[in-house]
Amino acid sequence: MISLLKDLNPAQREAVVNTEGPFLILAGAGSGKTRVITYRIAYLIDACGVKPEQIVAITFTNKAADEMKSRVQRLLGKRNVNPWISTFHSLCVHILRSRIGELGLTYNRNFAIYDEQDQLRLVKECLRELNLDEKLFSPRSILSRISRLKNSLASLEELPSPADDYRSQVVEQVFQLYQRRLLELNALDFDDLILRAVELFNRSASAREHYQELYRYCLVDEFQDTNRPQYLLIRHLAGKRKNLCVVGDEDQSIYRWRGADLGNILDFQKDFPRATLIKLEQNYRSTQNILKAAGAVVKHNIHRIGKTLWTENLAGEKVLFYQSLDSIEEASFVLAQIVSLGSLYKTHQIALLYRTNAQSRLFEEVLARQGIPYIIVGGMRFYERKEVKDILAYLSFLINPRDEISLKRIINVPPRGIGEKTIGKLEERAAQEKLSLWEVIAKRREGLSLTTKGETALERFVKLIKDLRQKAAALSASSLIKLVMDASGYLTYLKGEGDERAADRIENLMELINSAREYEEATGEGSVTSFLSRTSLTSDEDSYQEGRGVVLMTLHCAKGLEFPVVFLVGLEEGLFPHIRSMGSEEELEEERRLCYVGMTRAAQLLFLSYAIRRSAYGGRPRTSEPSRFLTEIPPELLNILERGKVFNPQKEPSVQPTEAYSSESIKEFFARHNIPFPTSSGEGAPNGKRPYRLGEEVYHPKFGKGVIIDIEGEGEETKLTVSFLRVGRKKLIARYAQLKKVNDSF
């Protein structure tokens, strides 16, 4: 192990060998944090004599966890060394499968794990039960609100108190019914996996002490992305020993919208006063110029601990900036540049990053026309495809008879003559007699006036499920999948379709069998329950495989990845930073962190682009202002590309390091290149009043609060399109609108 420490720089070595007590490792982008975590685990085992099973390491994706396991085993030269390394959700599934009975509820260890599709189905059922119209109350929006509430709670007992506005009251009603239904169905959603584990530790001293004694050393990766329940889980695991090592980067905290609490990392030393802080600031990925530009942007944030990344890499090219006339020209420029770089880089070495999914369309079109292969990360995941979900629903219902969401999915799949009317009668009987839907289907159908066809179809379905359930206990997941596909008639049904789409769906089912078989070989675990847990917890990041073409993805999907060449497009006010972030310092700082993450994905070449005009929000093309993030990059680090030309690194000389910033301001620099500079407070407006700006929050005496999403014309002819919280979009003539800035007094 002493020889292995030679592979580490001084800061990394210090982070590895100091093993006792609380530790905060602030790991900048590309600074080797995964190396530090894996070496620390190996050091604990090899040099400190800690048993592998006494170590728990937690991260956010299965891919990251698997990589850590492989690295630890390579470092120790042993294949059978298995500390617990997993995602938060996998760890909680492991704990709850063993101890969920100690919650004192009606859950059992075969609980189902509901993904987003299952959750939406359940929310829709709750809305129907409450006689609420889906058109007025979007199920997806309500589910998002429920998730945000859960991520802010310390316990599911902390249900929200009654609110004043009707919409919030509806969310609370659905929330409480949704939770009751999950319990009845013996199901947990992703958020519940964490909350129920925290609840278990709160309620059961036996469970809490067992895992504190078992896991004597706790390591947490990507700590800046943890939410409140995850933080409480970590504190429970750390126990009295407090051998807790958290690794993260406050400048890469970009998931506030899904509950991540930046305060967890900012306040770590307050919560653990004896914690040691180590900063990993040497970057092994990017050129000096890319690091300087990214660092200059993120330093505008106030809420950060602070670090200065440096590298021994070459200065490299300046950050390349292109100003296009519109979004179509922007896509054409990116295409031309990718073609130009074709002799130096393979397609999979190039990434195209954007703020919103909708931006991918034009880039997909130009790449497809040119015949350049590409992949989109963050599209439909393998385990969410209909045919895969159908077979997995069979498996879930076979091991959990209370899982009515899966039952309703499979009852007429493939079509077997059980229509909506029949299902409606069955559900009505179940509600009347307070029985489960399966109990009614299997035993209590008399008096429902079903057709002979419907009754026969139900009898065959009951026989199918009973036969499969009888055989399921003795079969591995891969064997049961094959049996379900054959016995249910699903495979025969697809073959009968006979078209190309059906062939693709059959291939996906064959791949599902392969997936189960690979899982069994890798883990030695053939349990259907374990395999279902694995499929439920697979993320977008886990599905990414390099080597298949130019990578298109949103900035949120890009974290943790790196590419020799990165295009960061759409750097315009209202798009990036996004219009929803305007008026909130916290949201704007998160957008800036997102920009920093995007910039630091680049190793050698970083292209930034901005379109003078762009269609947005389904409206007509409008004039755009360059993003404020562009103005935060020192001018001597930017290389403005002429319109209609591409950059060729083979023909243009490399740029030497810039030791000191020039005296030219970014505003002067933009002016010299005919690039409009974002308007600033108080300039060019009569009486010191600001002109209206995209994304600005305003107040109307009749319509209430809103956000400006489009501006047409100038002076007295200015027309504003405002999205109001209560009444939606309104187009107003600015001089008659009686609008007030939200920050103004009124």
Side-chain angles (χ1 to χ4, degrees), residues 28-30 251 281-301 304 306-324 330 333 337 340-341 353 564-573 576-577 592-612 625-680:
D251 291 333
E281 297 177 300
Q282 183 175 358
N283 177 282
Y284 293 91
R285 175 190 303 155
S286 304
T287 64
Q288 293 177 26
N289 284 324
I290 290 173
L291 285 184
K292 286 181 179 179
V297 171
V298 81
K299 281 181 180 177
H300 283 74
N301 276 357
R304 62 193 298 260
K307 74 190 79 64
T308 303
L309 294 188
W310 61 277
T311 182
E312 293 179 349
N313 295 339
L314 296 174
E317 307 295 344
K318 291 184 178 183
V319 175
L320 299 143
F321 174 63
Y322 187 80
Q323 177 192 219
S324 61
E330 181 184 50
F333 161 74
Q337 190 65 66
S340 175
L341 294 172
L353 310 181
V565 181
V566 167
F567 291 86
L568 180 45
V569 299
L571 276 155
E572 297 136 36
E573 289 289 295
F576 191 35
R592 187 174 283 109
R593 291 192 293 270
L594 192 57
C595 184
Y596 173 78
V597 165
M599 295 174 74
T600 54
R601 298 313 93 196
Q604 298 168 19
L605 295 178
L606 173 61
F607 291 85
L608 308 177
S609 67
Y610 141 72
I612 295 173
E625 293 180 354
S627 168
R628 67 193 68 196
F629 305 146
L630 287 170
T631 73
E632 294 166 357
I633 300 173
E636 61 273 20
L637 297 178
L638 285 172
N639 181 3
I640 306 292
L641 302 178
E642 293 182 40
R643 188 171 297 118
K645 294 186 178 181
V646 296
F647 173 75
N648 188 333
Q650 291 180 310
K651 293 182 180 179
E652 301 189 31
S654 294
V655 178
Q656 296 303 310
T658 304
E659 296 299 330
Y661 291 158
S662 69
S663 60
E664 182 181 39
S665 71
I666 189 71
K667 185 173 182 180
E668 293 168 331
F669 182 74
F670 272 28
R672 192 155 54 80
H673 291 277
N674 298 314
I675 298 170
F677 190 80
T679 55
S680 59

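For the pair Leu594 and Pro577, the minimum side-chain heavy-atom distance is 4.5 Å or more. By the 4.5 Å heavy-atom criterion applied to side chains, Glu632 and Lys299 are not counted as neighbours. In this structure, Ser627 and Glu573 have side chains that are in contact, with non-hydrogen atoms separated by less than 4.5 Å. You'll find the side chain of Gln337 stays beyond 4.5 Å of the side chain of Tyr322, heavy atoms only. When side chains are defined from C-beta on, Gln323 does not count as touching Ile640, because their heavy atoms never get closer than 4.5 Å. At a threshold of 4.5 Å between non-hydrogen side-chain atoms, the residues Leu608 and Leu606 count as touching.
The distance from the NZ atom of Lys318 to the OG1 atom of Thr287 is 12.5 Å, given to the nearest 0.5 Å. Note that CZ of Arg592 is 11.0 Å distant from CG of Asp251, once rounded to the nearest 0.5 Å. The OG atom of Ser609 sits 10.5 Å away from the CG atom of Leu641 when rounded to the nearest 0.5 Å. The NZ atom of Lys292 sits 13.5 Å away from the OG atom of Ser286 when rounded to the nearest 0.5 Å. Note that the CG atom of Leu605 and the CG atom of Asn289 stand 11.5 Å from one another [nearest 0.5 Å]. Between the CG atom of Leu314 and the CD atom of Gln604 there is a distance of 10.0 Å, given to the nearest 0.5 Å.
When atom types are taken as modelled, the side chain of Ser324 and the backbone of Tyr610 share a donor-acceptor pair closer than 3.5 angstrom. Formation of a donor-acceptor pair under 3.5 Å by the Glu281 side chain with backbone atoms of Thr308 is found in this model. Side-chain atoms of Thr311 come within 3.5 Å of backbone atoms of Asn283 as a donor-acceptor pair (strictly under, hydrogens ignored). When atom types are taken as modelled, the side chain of Asn639 and the backbone of Leu320 share no donor-acceptor pair closer than 3.5 angstrom. Without hydrogens or angle criteria, Arg285 side chain to Ala29 main chain gives no donor-acceptor distance under 3.5 Å. Remark: side-chain polar atoms of Gln288 are paired, donor with acceptor, to backbone N or O of Asn313 under 3.5 angstrom.
In plain terms, the two heavy atoms of Leu571 and Leu630 that are nearest each other are O-CD1, 3.8 Å. Here the closest heavy-atom approach between residue Val297 and residue Met599 is recorded as CG2-SD, 4.1 Å. Gly28 and Leu309 make their closest contact through CA-CD2, 3.7 Å (heavy atoms, listed as atom of the first residue, atom of the second, distance). What you find for Ile633 and Ala293 is that their closest heavy atoms are CG2-CB, 3.9 Å.
If you look at Phe576 and Phe629, their ring centroids are closer than 6.0 Å.
Note: Phe567 and Phe607 have parallel aromatic rings, judged against thresholds of 30 and 60 degrees for the angle between ring planes.
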